[in-house]
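In what follows, chains are A, B, ... by sequence order, proteins preceding strands, each numbered from 1.
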There are 2 protein chains.
Amino acid sequence: MFIQIEPNSAIPIYEQVTRQIIEGIARGDMQPGDTLPSVRSLAADLGVNMHTVNKSYHELEAKGIISIRAKSGAVICSTEERALTPEQLRQIEKNLKPVVAEGMVLGATAEQIEHMMKKVFADLQIPVEGV
Amino acid sequence: MFIQIEPNSAIPIYEQVTRQIIEGIARGDMQPGDTLPSVRSLAADLGVNMHTVNKSYHELEAKGIISIRAKSGAVICSTEERALTPEQLRQIEKNLKPVVAEGMVLGATAEQIEHMMKKVFADLQIPVEGV
DNA sequence: ACATTTGTTATATATATAGTATAACAAATA
DNA sequence: TATTTGTTATACTATATATATAACAAATGT
């Protein structure tokens with residue numbers, strides 16, 4: 001799989017897994033309907049504990065991105081299933097705020113931040129291995 | 001002061017303090033050269049421990065936003081002192097990435113995310129082209 | 001000069017979070 | 001039927017978060 005863990009990061013392992021799966025879906029590496037690897041196999045792949053991956057999967061489910069079918073597997077939700085609610089929009093804005101504020105205080109211009117945002121957006125939209 | 005603590009938030013108190021001071025500076029509530037309240041007085045104001053505020057101040061210093069003068073006080077750095085380094089730019093982009101990725105996966109369009117970005121800029125009272 | 005305020009340092013305690021290690025269970029699956 | 005699956009439970013270690021006190025020495029205010 002495409003996930004790379006940084007053991008010494010300040011970001012918890014389960015959070016790294018969550019983010020990289022989200023980025024993988026955004027990039028198109030994984031599509032709606034696809035099944036995620038079992039918590040045991042992914043944990044073995046990454047060299048971490050089963051429960052750590054399990055926590056990540058449940059975080060993804062709480063975000064409405066995957067659906068965990070008990071004793072079967074985890075499936076990526078369709079775009080219809082994960083319709084953007086006003087609550088989710090507010091949350092994204094809430095997440096965006098401290099990042100933008102810090103950038104500005106450090107001396108970045110609005111244009112620089114918009115440019116970085118577009119760069120990130122493009123990174124995620126353009127598949128690494130071609131379509 | 002303008003800081004409001006949410007005791008039951010998943011975000012640590014010292015991190016809430018750090019973010020709100022950064023937002024305060026971004027908004028212009030506080031300007032370069034201004035002195036932050038002493039760790040003891042702000043802690044008393046917020047009803048939290050001295051060390052919690054102290055941790056926040058040192059986080060702000062590590063980010064290059066304030067300068068702590070031993071046994072005197074904490075001063076907000078000038079925009080020259082906090083010149084944006086390529087390393088800091090990378091960090092901002094790194095912070096931006098998971099937020100944008102999650103938004104996209106949840107079904108937000110590029111326009112929606114750009115719009116939210118402008119809303120955040122407006123909240124922070126930062127002039128943006130075309131607003 | 002003196003008292004207060006300041007950040008600093010140290011110690012101690014309590015709680016929560018993160019991560020691992022095993023184990024067992026029951027449903028789904030091959 | 002045997003294996004794989006997510007689930008649940010227990011136990012343990014380590015780190016992070018937050019508080020509580022106390023003392024120190026430099027800076028500051030009067």
Side-chain angles (χ1 to χ4, degrees), chain A residues 1 3-22 30 33-77 81 95 98, chain B residues 1 3-22 30 33-77 81 95 98:
Chain A
M1 226 197 181
I3 296 175
Q4 276 292 335
I5 297 299
E6 293 180 36
N8 296 332
S9 169
I11 301 167
I13 297 174
Y14 77 91
E15 187 64 33
Q16 293 184 45
V17 173
T18 299
R19 291 187 185 184
Q20 291 189 43
I21 289 175
I22 290 176
M30 314 190 78
D34 284 357
T35 306
L36 292 182
S38 77
V39 290
R40 281 180 179 85
S41 68
L42 180 54
D45 260 26
L46 303 177
V48 301
N49 193 271
M50 191 197 73
H51 298 293
T52 305
V53 176
N54 195 243
K55 190 172 183 179
S56 168
Y57 279 20
H58 279 277
E59 199 187 7
L60 286 165
E61 193 179 42
K63 286 178 187 290
I65 294 172
I66 70 172
S67 174
I68 301 175
R69 297 178 188 166
K71 282 126 200 173
S72 169
V75 186
I76 299 171
C77 294
E81 282 172 303
N95 295 341
Chain B
M1 226 196 182
I3 296 175
Q4 276 292 335
I5 297 299
E6 294 181 35
N8 296 333
S9 169
I11 302 167
I13 298 174
Y14 78 91
E15 187 64 32
Q16 293 184 44
V17 173
T18 299
R19 290 188 185 183
Q20 292 189 42
I21 288 175
I22 289 176
M30 313 190 79
D34 284 357
T35 307
L36 292 181
S38 76
V39 290
R40 282 179 177 86
S41 69
L42 181 53
D45 259 26
L46 303 176
V48 301
N49 192 272
M50 189 198 75
H51 298 294
T52 306
V53 175
N54 195 243
K55 189 172 182 179
S56 168
Y57 280 19
H58 279 276
E59 199 187 7
L60 287 165
E61 192 180 42
K63 287 178 186 291
I65 294 172
I66 69 172
S67 174
I68 301 175
R69 296 178 188 169
K71 282 127 198 172
S72 169
V75 185
I76 299 172
C77 293
E81 283 172 303
N95 295 340

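Atoms CE (B/M50) and P (D/dT17) sit 17 Å apart, rounded to a whole Å. Whole-Å rounding puts the A/R69 CZ to C/dT29 C1' distance at 14 Å. Spacing between atom CD1 of A/I13 and atom C1' of C/dT20 amounts to 10 Å, rounded to whole angstrom units. Between the CG atom of A/N8 and the C1' atom of D/dA14 there is a distance of 14 Å, given to the nearest Å. Look at CD on B/E59: it is 13 Å from C1' on D/dA16, rounded to the nearest Å. Taking atom CD1 of A/I5 as the reference point, atom P of C/dA18 lies 14 Å away to the nearest angstrom. One atom, CG of B/L42, and another, C1' of C/dG7, lie 14 Å apart when rounded to the nearest Å.
The shortest non-hydrogen separation linking A/I68 to A/E61 is N-OE2, 3.1 Å. The heavy-atom pair separating A/V48 from A/V53 by the smallest distance is CG2-CG2, 4.0 Å. For the pair B/T35 and B/M30, the tightest heavy-atom approach, listed with the atom from each and the gap, is O-CE, 4.3 Å.
Mapping B/E15 and A/I68 onto DNA chain D by nearest heavy atom places A/I68 at the nucleotide closer to the 5' end. Judged by closest nucleotide on DNA chain C, B/A74 is the one of B/A74 and A/T52 placed further toward the 5' end.
Proximity of B/H58 to the phosphate of C/dT8: a side-chain N or O atom is located under 4.0 Å from OP1 or OP2. Under 4.0 angstrom from either OP1 or OP2 of C/dA18 there lies at least one side-chain N or O belonging to A/Y14. OP1 or OP2 of D/dT8 has not a single side-chain nitrogen or oxygen of A/H51 nearer than 4.0 Å. When the side-chain nitrogen and oxygen atoms of B/K71 are compared with OP1 and OP2 of D/dT28, none of them lie within a distance under 4.0 Å. Between B/S72 and D/dT28, a side-chain N or O to OP1/OP2 separation shorter than 4.0 Å is present. Side-chain nitrogen and oxygen atoms of A/N54 include none within less than 4.0 Å of the OP1 or OP2 phosphate oxygen of D/dG6. Proximity of B/S38 to the phosphate of C/dT6: a side-chain N or O atom is located under 4.0 Å from OP1 or OP2. Put simply, B/K55 has no side-chain N or O that comes within less than 4.0 Å of OP1 or OP2 on D/dA18.
The base of C/dG7 is paired with the side chain of B/R40 by a donor and an acceptor separated by under 3.5 Å.
Rounding to the nearest 0.5 Å places CD1 of B/I65 at 3.5 Å from CD1 of B/I22.
Counting any heavy atom pair closer than 4.0 Å across all strands shown, A/Y57 reaches no nucleic acid atom.
In the set D/dT19, C/dT20, C/dT8, C/dT20 carries the atom at the smallest distance from any side-chain atom of A/N49.
Between A/E15 and A/R19 there is a salt bridge, since a side-chain N of the basic residue sits under 4.0 Å from a carboxylate O of the acidic one.
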